[in-house]
Chemist: 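First the structure, then my questions, so here it is.
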Amino acid sequence: MRATRLFVQTLKEVPKEAQVASHILLYRAGMIQKLASGIYNYLPLALKSLRKIENILRDELNKRGCQEVEMPVVQPAELWQESGRWNYYGPELLRFKDRKGGDFCLGPTHEEVITDMARRNLKSYKQLPWNLYQIQTKFRDEIRPRFGLMRGREFTMKDGYSFDVDEEAALKTYQLMYEAYTAIFTRCGLKFKAVDAATGAIGGDKSHEFQVLADSGEDMILSCSKCDYAANEEKARTKIGEALVDPAQFKALETILTPDKKSVEEVAAFLKLPVERFIKSMIYLVDDEPVLVMVRGDREVNEAKIQAQLRANKVELAPDAVIEAVTGAAVGFAGPVGMKKKIKMVADHMVAGIVNAATGACKSDHHIVNVNSGRDFTPDLIGDFIKTKKGEACPKCDGVLEEFRGIEVGQVFFLGTKYSEKMKCTFIDAAGAEKPAVMGCYGIGVGRTMSAAIEQNHDEHGIIWPMAIAPYEAVVLPLQMNKDEVVKAGETLYAELLAAGVETVIDDRDERAGFKFNDADLIGYPVQVVIGGKSLEKGVVEVKIRKTGEKKEIPVAEVVKFVTEFKEAELAAK
RNA sequence: CGGGGUGUAGCUCAGCUGGCUAGAGUGCUUGCUUUGGGAGCAAGUGGCCGGAGGUUCAAGUCCUCUCACCCCGACCA
């Protein structure tokens with residue numbers, strides 16, 4: 001491609017809306033332009049890179065027996081009503097009516113459509129496993145799109161879905177996809193971590209997120225300093241200490257006047273007790289039912305864990321009126337003992353280990369001390385309900401948890417039969433019984449992967465593309481367009497590189513050297529072949545490696561060999 | 001949805017308590033000079049001042065409504 005023909009306009013200035021490196025550089029390098037909030041035009045350079053990522057996806061997936069399909073962007077409401085998500089999915093689901101008044105939506109994901117497609121064809125266990133994927137435009141009407149392609153409303157996603165005969169087979173597929181994703185992101189030149197993830201509203205029991213490490217990431221990850229344990233903040237656990245509780249030490253309950261002392265810290269200071277001796281009692285609405293959630297006084301409630309363990313769709317703090325009705329006291333004095341209404345009680349592991357705890361008395365301006373789990377109250381469920389923080393013990397080894405930010409570029413879910421049961425995607429097994437298929441789903445954000453690659457690979461001058469996903473692999477820069485021998489040498493090398501299969505741009509614009517260097521650095525070609533009059537007299541050209549900044553003088557006759565060898569080495573590198 | 005902010009040239013922005021022909025930089029076009037890290041000089045090109053209504057002799061500027069966009073938060077995969 002000739003720079004004079006390339007549809008691109010590089011920019012020195014950037015609109016102030018661009019906040020992160022990838023957004024700024026995609027914009028400055030003339031790769032994307034915004035059409036509306038969270039909706040972008042992809043110009044040729046961006047599309048070249050996106051297509052390369054897509055082809056890596058295809059290659060790694062096809063090689064593992066996956067098959068590509070394509071489903072519609074526009075989806076009828078009926079399918080969503082059948083799965084129950086027409087009502088659950090919030091305003092993020094863009095809905096509209098056709099001319100006949102029928103309800104439709106733009107697909108934010110395709111579980112419904114794929115399950116429908118599978119059930120039309122699925123009859124026998126002999127047909128399975130199936131593993132289908134598509135690379136396609138999704139639309140999610142995000143509340144706040146940001147960071148360019150990182151969180152857009154319209155975006156390209158690879159979404160895949162698997163169907164297996166039973167759980168064991170489905171878990172094998174899950175593992176296969178986990179390996180495929182590892183191979184894909186490695187080939188894209190990314191440094192990433194696969195972490196344990198919360199499953200959220202999509203459901204299922206098991207999930208991993210593929211997180212690219214970057215300071216601009218929206219997710220917080222905790223990982224062990226020693227072993228391979230890593231998890232999303234929402235899911236992260238810490239070591240559960242053994243609770244050595246000796247009932248002989250239990251003292252008698254005592255209610256104490258604590259006027260205007262509501263928070264754990266205030267009451268702890270007032271009663272001269274450490275906060276670890278407190279039971280923090282919070283009333284939540286879990287799918288609109290009040291639930292008392294207890295954690296140790298020094299810990300915070302993790303709402304994602306409540307949602308996961310109670311298998312709920314919605315978790316929110318109860319409004320004051322509900323709290324007062326349930327406890328029979330003003331807000332700030334809730335506790336497991338003496339509640340006015342009997343509601344479900346769940347407690348964090350640590351709560352059961354507190355001897356003679358203090359907590360709200362369910363009586364305004366009063367707290368109660370010497371409360372003991374098992375004697376004075378019995379939780380309906382004891383589990384892990386706290387936020388885990390950096391510096392805490394790893395749940396798997398004696399290491400310590402560290403914190404880092406990540407960009408979620410992919411996620412794998414073990415879905416089970418959530419959709420296949422509701423939508424009757426069944427088959428007849430070897431014994432003649434009808435069974436629902438066991439499903440998994442697997443997503444990769446293509447644009448987000450490209451953005452994440454830029455976040456990890458850039459400097460103050462511009463993008464530093466990993467070879468595998470660079471829009472072009474090399475650029476030829478003839479520095480003096482008024483010198484025939486320079487132009488001629490450039491054209492010759494350009495033609496030779498193309499013939500050797502190197503995707504090359506020749507900067508044939510009549511611009512000064514500095515201008516060309518800056519554009520080349522900004523766009524981030526992995527290799528720059530610099531042709532200047534002086535070096536040409538010596539029979540050499542300068543080859544600059546963008547990644548290292550290294551410049552080598554190479555005899556003209558050996559340039560093609562050097563570039564192709566460098567390219568192959570980069571593509572092979574892990 | 002709550003709070004804050006911005007809409008003026010392709011892009012980044014200035015434009016005061018209303019005032020005469022709406023500005024700068026950058027980009028683009030042309031010419032001359034220059035030619036190894038975003039060159040210099042000169043001449044040009046480029047505007048329904050987001051939209052509608054209102055106040056006024058007079059509105060980019062004031063008022064009302066509206067639309068779009070951005071930031072923080074809440075929410076959400």
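Convention: sequence-line order gives letters A, B, ...; per-chain numbering from 1. Values reported hereafter were calculated over all heavy atoms of this structure, with side chains retained and with hydrogens, waters and symmetry mates removed.
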Chemist: Toward the 5' end of RNA chain B, which comes first, A:Y27 or A:N518, by nearest nucleotide?
Modeler: A:Y27

Chemist: With a 3.5 Å cut-off and just heavy-atom distances, do the side chain of A:Q9 and the base of B:G27 make a donor-acceptor pair?
Modeler: no

Chemist: Considering Watson-Crick and G-U wobble pairs with both distances under 3.5 Å, what does B:A42 pair with?
Modeler: B:U30

Chemist: With a 6.0 Å cut-off (strictly less than), is the heavy-atom count around NZ of A:K389, excluding the residue itself, greater than 12?
Modeler: yes

Chemist: Can you check whether any acceptor in the base of B:G38 is under 3.5 Å from a donor in the side chain of A:R28, or vice versa?
Modeler: yes

Chemist: C1' atom, B:A24 versus B:G15: distance in rounded Å?
Modeler: 10 Å

Chemist: Write down the partner of B:C49 under the Watson-Crick or G-U wobble criteria, each distance required to be under 3.5 Å.
Modeler: none

Chemist: Which nucleotide in the list B:G37, B:G36, B:U12 gets nearest to the side chain of A:S535?
Modeler: B:G36

Chemist: Where the side chain of A:R146 is defined as all heavy atoms beyond and including C-beta, which of B:G38, B:C72, B:A77 is the nearest nucleotide?
Modeler: B:C72

Chemist: Select one nucleotide: of B:U35, B:C71, B:C11, the one nearest the side-chain heavy atoms of A:R512.
Modeler: B:U35

Chemist: Using the P atom in both, what is the distance from B:G60 to B:C20, to the nearest Å?
Modeler: 10 Å

Chemist: Under a 3.5 Å cut-off for both distances, is B:C57 Watson-Crick or wobble paired, and to whom?
Modeler: B:G19

Chemist: Could you measure between the two P atoms, the one in B:U66 and the one in B:C71, and give it in whole Å?
Modeler: 23 Å

Chemist: Can you tell me, in whole Å, how much space there is between the P of B:G36 and that of B:G40?
Modeler: 15 Å

